[in-house]
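Report on one structure; see the data block that follows.
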Amino acid sequence: MLLLVDNISGLSRAQRRIAQWIAWNPDQPGIALLDVHIPDRNRTRRLDALIWSAQRCVAVTATGFRSRQNGTLVVPPTGPLRMSNGRRADISGNTLLSDPVTRTRVNSAATKTWLERATGTRCVLYELLLITVVRGQIVTAIDAPDLPPKTDILVEDFDLFQHYFQRFAELSPRWTSARIAKVIDSLGLSYLYDGDTDLLAEAMGETTSSARVFSFPH
C-alpha cells in the first residue's frame, strides 16, 4: 500500500498508528492519503485518512483513549461513547457536544461530496472510526448495534485493520489509479506522488506492486 503524507512529523498518535500498520503490510494493494483537508462550502474539514483499495474508498477518523479504561465500549445512538460501567469513555473528542461517531459522519458527508465533484461520478464511501488504546488497556468488546450503514468501529487491532481491506478483495473493482489521481490532484496534492501515475497504478495492483512512502516534511 502506498502511503502519501505531507508532514509525517505532524501526525497525531492515532494517525501514526495508521502509518505504522500500512508499513507492516506493504503487499496490500491500495493507496492511503493521511491528514487530508476536505473543502466543505466555505471551510475545510480535516480527515485523518482516506484509504483506497480497488473495491472501496474509506474515510477514516482516528482518535484514541487518553487514560486506561477496561471493559466494553458502548456506542449509543446519540451522545458520547461510554464504557460498560456507565462512565464516559475518555477518548479525545468524546464530549457532550460532539463525539467521534458524529464527527465521522460529518467528515464523511463532506468527503463524499468532494469525491463526486472531483471524479464526476457517483461514489460509495465507507466510514471507519479507529480508536487507539493506552498501554495495558483491554477493551473486550464493542457494543454498537445502531451504527449507520457502511460505518465500522475498530479499537486498535492490526489484524482486524488488515482484514478490513482484504475481506472484499474478490469483489468487482470500483476504484482505479486514474480515478484516485483525480481526487488527489483536486486537493492540490499531486506532488505527493510526483505526478507519477505509474506509481499509483503499481500501488493499486494494476501493475507489479511495490510499497513506497512519500513524505514531504515542512
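Just so it is clear, the structure is predicted and the values come from calculations on it, not from any experiment.
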Hydrophobic cluster identity match, [X] and [Y], side-chain contacts under 4.5 Å:
| X | Y | result |
| --- | --- | --- |
| Val60 | Val101 | no |
| Leu73 | Leu128 | no |
| Val155 | Tyr126 | no |
| Tyr191 | Val36 | yes |

What distance do [X] atom [atom1] and [Y] atom [atom2] have between them, rounded to the nearest 0.5 Å?
| X | Y | atom1 | atom2 | answer |
| --- | --- | --- | --- | --- |
| Ile8 | Leu11 | CD1 | CG | 6.0 Å |
| Arg105 | Leu129 | CZ | CG | 12.0 Å |
| Ser12 | Asp35 | OG | CG | 7.5 Å |
| Gln162 | Arg167 | CD | CZ | 13.0 Å |
| Asp159 | Gln166 | CG | CD | 9.5 Å |
| Phe158 | Trp21 | CZ | CH2 | 8.5 Å |

Taking all heavy atoms of [X] and all of [Y], pick out the closest pair and write down the distance.
| X | Y | answer |
| --- | --- | --- |
| Thr63 | Ser92 | OG1-O, 2.7 Å |
| Pro39 | Leu187 | CD-CD2, 3.7 Å |
| Ile142 | Ile153 | CD1-O, 3.7 Å |
| Cys123 | Lys112 | O-CE, 3.1 Å |

(message) Please determine whether side chain to side chain contact (heavy atoms under 4.5 Å, CB included) holds for the pair Ile31 and Tyr193, giving the CA-CA distance in whole Å, both sets of side-chain angles, and the decisive distance to 0.1 Å.
(response) CA-CA 11 Å; Ile31 296 170; Tyr193 65 97; over 6 Å; no

Can you give each donor-acceptor pair under 3.5 Å made by side-chain atoms of residues 47-59, sequence neighbours left out, with the distance rounded to 0.1 Å?
{"from": "Asp48", "atom 1": "OD1", "to": "Gln15", "atom 2": "NE2", "distance (Å)": "3.2"}
{"from": "Asp48", "atom 1": "OD2", "to": "Ala62", "atom 2": "N", "distance (Å)": "2.7"}
{"from": "Ser53", "atom 1": "OG", "to": "Gln55", "atom 2": "N", "distance (Å)": "3.3"}
{"from": "Ser53", "atom 1": "OG", "to": "Arg56", "atom 2": "N", "distance (Å)": "3.2"}
{"from": "Gln55", "atom 1": "NE2", "to": "Ala169", "atom 2": "O", "distance (Å)": "3.2"}
{"from": "Arg56", "atom 1": "NH1", "to": "Tyr164", "atom 2": "OH", "distance (Å)": "3.4"}

Which pairs would a plain distance check flag for residues 77-89, meaning a side-chain donor or acceptor within less than 3.5 Å of a matching protein atom at least two apart in sequence or in another chain?
{"from": "Arg82", "atom 1": "NH1", "to": "Gly86", "atom 2": "O", "distance (Å)": "3.4"}
{"from": "Ser84", "atom 1": "OG", "to": "Thr72", "atom 2": "N", "distance (Å)": "3.4"}
{"from": "Asn85", "atom 1": "OD1", "to": "Arg87", "atom 2": "N", "distance (Å)": "3.0"}

(message) Arg45 and side chain to side chain donor-acceptor pair (under 3.5 Å): which single residue from Thr111, Asp40, Asn107 fits?
(response) Asp40

Side chain to side chain contact (heavy atoms under 4.5 Å, CB included) partners of [X], counting only residues at least two apart:
| X | result |
| --- | --- |
| Gln20 | Arg17, Trp24 |
| Gln137 | Phe65, Arg68, Gln69, Asn70, Val133, Val134, Val139 |
| Pro76 | none |

(message) For Thr113 and Arg117: C-alpha separation, side-chain torsions, deciding distance, then whether side chain to side chain contact (heavy atoms under 4.5 Å, CB included) applies.
(response) CA-CA 6 Å; Thr113 298; Arg117 184 183 305 174; 4.1 Å; yes

(request) Report the hydrophobic cluster partners of Leu171, with the cluster defined as I, L, V, M, F, W, Y residues connected by side-chain heavy atoms closer than 4.5 angstrom, directly or transitively. (result) Phe168

Given side chains that start at C-beta, do those of [X] and [Y] come closer than 4.5 Å, heavy atoms only?
| X | Y | value |
| --- | --- | --- |
| Ile91 | Ile131 | yes |
| Asn25 | Gln28 | yes |
| Met204 | Ser177 | yes |
| Thr132 | Arg13 | yes |

(message) Quick check on Lys182: does its NZ atom have over 12 non-hydrogen neighbours (other residues, nucleotides or ligands) under 6.0 Å away?
(response) no

(message) Looking at Arg174, I want to see if its CZ is surrounded by more than 12 non-hydrogen atoms of other residues, nucleotides or ligands under 6.0 Å.
(response) no

(message) Could you tell me if Glu127 and Thr104 have a donor-acceptor pair between their side chains, going purely by distance under 3.5 Å?
(response) no

(message) Ignoring hydrogens and geometry beyond distance, is a side-chain donor-acceptor pair present between Arg179 and Thr121 at under 3.5 Å?
(response) yes

Between [X] and [Y], is there a donor-acceptor pair closer than 3.5 Å when you use the side chain of the first and the backbone of the second?
| X | Y | value |
| --- | --- | --- |
| Asp157 | Leu160 | yes |
| Ser98 | Asn94 | no |
| Ser186 | Val183 | yes |
| Thr151 | Leu147 | no |

(message) Using the rule given for side chain to side chain contact (heavy atoms under 4.5 Å, CB included), can you reason through Leu33 versus Leu192, listing the C-alpha separation, both sets of side-chain angles and the distance that settles it, and then say yes or no?
(response) CA-CA 9 Å; Leu33 183 63; Leu192 289 181; 3.7 Å; yes

(request) Could you walk me through whether Leu130 and Ile18 pass the side chain to side chain contact (heavy atoms under 4.5 Å, CB included) test, one step at a time? (result) CA-CA 9 Å; Leu130 172 64; Ile18 295 173; 3.4 Å; yes

